[in-house]
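What follows is a single structure, written as structure tokens, with notes after it.
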Amino acid sequence: MHRRFISLIAATLFALVPLIGACQAAVSPQPSPTIRPGERWLDTSGLFINAHGGGVLFHQGTYYWYGELKEGTTYITAANKSWGGTRVVNGGIACYTSTNLHDWKNTGLALPPSKHDPDSDLHCEKVMERPKVIYNAKTGKFVMWFHQDTADYSAARSGVAMSDTPTGPFKYLGSFRPNAGIWPVNASSRDKQPNADNKLAQDFEGGQMARDMTLFVDDDGKAYQFYASEGNPTMHVSLLTDDYLRPAGKYARICVGRSMEAPAVFKRNGKYYLIASGCTGWLPNEARSAVADDIFGPWTELGNPCRGENADKTFNGQSTFVLRVAGQPDTYIAMFDQWKQWDLRDSRYIWLPIRFDNGAPIVEWKANWSLSSNKSSLTASKAP
Ligand code: GAL
């Protein structure tokens, strides 16, 4: 009896050996980091990543994620009540660094707000949104552009700052309305006629309104600002000077009357792509996409790029940037913000891979997916 028991245990252990081996094979090598869209994303010190409306710069092997720091209580001012424009005190522009796009280290404020000067563009009662940073290879400077505004969003200006290092602190250079005294390259004679409804003509002298914005650097080093203008219905594409600090004086109206916000621009196989939102404040709407052979247009709309659960509401998010993954051919990540209108500091991030269907960008919902650092594609993974 005793001997039979021992041999039973031995047989059981023997049967388990291949399973133990399989488990070891499953845990090594290290699983690639998992992105969980819409869930809390912690930085390397265990705190919630706070970089909203952001963009990512890749420079010398490191990714830099810049975004709006949203802290404190969410409130609404009388001027913004009609459209639900809640806000928090302006916290300035945060910066995080990473080498694997998953583990982000907080490097502090790249551009702090001004706490004591109410006349400053950077004052905490003002608006600093959608910061984007690009590197100028000619000057060796890092240049930041962002949407600068008064609390009621009536100023509609672009703020510019510059730094010798990517983490800053950036030196604030000032704000302006772009392209004062210049007509767009594709303006018709009708577009130039001043009348009560023609915001382009009304703003000709003082400069065009610029709210939601992004920057894009082309292969030839030329940089462009895309901004929602003319009260938001029409987007402008505006060439920057060689130092990236001002508009160069050449711009075009695109997606005229389509009320596109939250622009995210990228290039693939010689074509320019735009992913944007509609115009409903913090509330989600259906995303749009467009393609062009020439950055100044014409741009052809391709429809909603989102697929899957809540695709008609951009997965309850709003576009902010498209990130090209370094060293991985044809690999792009669409970045969205999932705003919490009444608790803005708890707003989340939705990062999803982009695939292409007949040249159109498609962003499919995934509850989680992994970033594999050494493969040419990003792989979707099953929930653990
Ligand atoms: C959104 C815009 C955000 C922010 C918000 C304010 O439409 O994309 O960047 O300005 O409105 O409610």
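Around atom NZ of K267, more than 12 heavy atoms belonging to other residues, nucleotides or ligands sit under 6.0 Å away. Within 6.0 Å of atom CG in D220, more than 12 heavy atoms from other residues, nucleotides or ligands are found, so the atom counts as buried in its surroundings. Applying the 6.0 Å contact sphere to CD of E309 captures no more than 12 heavy atoms from other residues, nucleotides or ligands. Residue K115 qualifies as open at atom NZ: its count of foreign heavy atoms under 6.0 Å is 12 or below. The number of heavy atoms from other shown groups lying within 6.0 Å of NZ (K340) is above 12.
The cluster map of Ile, Leu, Val, Met, Phe, Trp and Tyr, joined by side-chain heavy atoms under 4.5 Å apart, puts M213 and I134 in the same cluster. Grouping the Ile, Leu, Val, Met, Phe, Trp and Tyr side chains by contacts below 4.5 angstrom, directly or via other members, places V56 with L352. Linking Ile, Leu, Val, Met, Phe, Trp and Tyr residues whenever their side-chain heavy atoms come within less than 4.5 Å leaves L109 and Y172 in two separate clusters.
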- [ ] Determine, step by step, whether E301 and R288 satisfy the side chain to side chain contact (heavy atoms under 4.5 Å, CB included) criterion, reporting the C-alpha distance in whole Å, the side-chain angles of both residues, the deciding distance to 0.1 Å, and the verdict.
- [x] CA-CA 7 Å; E301 283 199 47; R288 292 95 178 277; 4.1 Å; yes

Task: Audit row: Q208, R177, side chain to side chain contact (heavy atoms under 4.5 Å, CB included) steps and yes/no - done: CA-CA 5 Å; Q208 298 298 325; R177 280 190 169 191; 5.8 Å; no

- [ ] Evaluate side chain to side chain contact (heavy atoms under 4.5 Å, CB included) for T320 paired with K132, printing each intermediate quantity in order.
- [x] CA-CA 10 Å; T320 185; K132 303 290 174 289; 3.6 Å; yes

TODO: Decide yes or no on side-chain hydrogen bond (donor to acceptor under 3.5 Å, both in side chains) for Y135 and Q60, but give the supporting numbers first.
DONE: CA-CA 11 Å; Y135 174 66; Q60 294 182 350; 5.9 Å; no

- [ ] For Y96 and W41, run ring pair (Phe, Tyr, Trp, His ring centres under 6.0 Å): C-alpha distance rounded to whole Å, both residues' side-chain angles, the deciding distance at 0.1 Å, then the answer.
- [x] CA-CA 12 Å; Y96 292 79; W41 195 342; 9.7 Å; no

Open item on the list: I'd like to know whether H236 forms a side-chain hydrogen bond (donor to acceptor under 3.5 Å, both in side chains) with E230, so could you lay out the CA-CA distance, the side-chain angles of the two residues, the decisive distance to 0.1 Å, and finally the verdict.
Closed with: CA-CA 9 Å; H236 292 177; E230 303 178 32; 2.7 Å; yes

Open item on the list: Checking W351 against W369 for the side chain to side chain contact (heavy atoms under 4.5 Å, CB included) test, could you report, in this order, the C-alpha distance in whole Å, the side-chain angles of both residues, the deciding distance, and whether it holds?
Closed with: CA-CA 9 Å; W351 287 25; W369 56 282; 4.3 Å; yes

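Just one residue in the list W299, Y332, F216, F266 forms a ring-ring contact (aromatic ring centres under 6.0 Å, His included) with Y273, and that residue is F266. The side chain to side chain contact (heavy atoms under 4.5 Å, CB included) test with R130 singles out one residue from D212, L215, T214, and that residue is D212. Each of F321, Y349, F58 was evaluated against W65; a single residue qualifies, Y349, per the ring-ring contact (aromatic ring centres under 6.0 Å, His included) test.
For an aromatic pair to be called close, the ring centres must be under 6.0 Å apart, and Y227 with W145 fails this.
Remark: E129 CD to Q148 CD distance equals 10.5 Å, nearest 0.5 Å. Annotation: the span from F170 atom CZ to S163 atom OG amounts to 4.5 Å, rounded to 0.5 Å.
A side-chain N or O of N232 and one of E261 form a donor-acceptor pair less than 3.5 Å apart. No hydrogens or angles considered: nothing links the side chains of H123 and D121 as a donor-acceptor pair under 3.5 Å.
R348 has its side chain within reach of R40: a pair of non-hydrogen atoms, C-beta onward, lies under 4.5 Å apart.
With hydrogens and angles disregarded, no donor-acceptor distance shorter than 3.5 Å links the side chain of E68 to the backbone of G92.
The minimum heavy-atom distance linking P131 with F146 is given by the pair CA-CB, 3.7 Å. Residues D191 and N186 share a closest heavy-atom pair of OD2-O, 4.1 Å.
The side-chain tip of R246 points at the ring of F176 from less than 6.0 angstrom away and within 45° of straight on.
Between F296 and Y224, the two ring planes are perpendicular [angle over 60°; tilted spans 30° to 60°]. Ring geometry for H59 against F142 counts as perpendicular: the plane angle is over 60°, on a 0 to 90° scale with 30° as the lower cut.
A salt bridge does not link D243 with K138: none of the charged nitrogens is closer than 4.0 Å to a carboxylate oxygen. Between D164 and K141 there is a salt bridge, since a side-chain N of the basic residue sits under 4.0 Å from a carboxylate O of the acidic one.
Residues passing the salt bridge (Lys or Arg N to Asp or Glu O under 4.0 Å) test with K271 are D293, sequence neighbours excluded. Residues forming a side chain to side chain donor-acceptor pair (under 3.5 Å) with D103 (at least two apart in sequence, or on another chain): N100.
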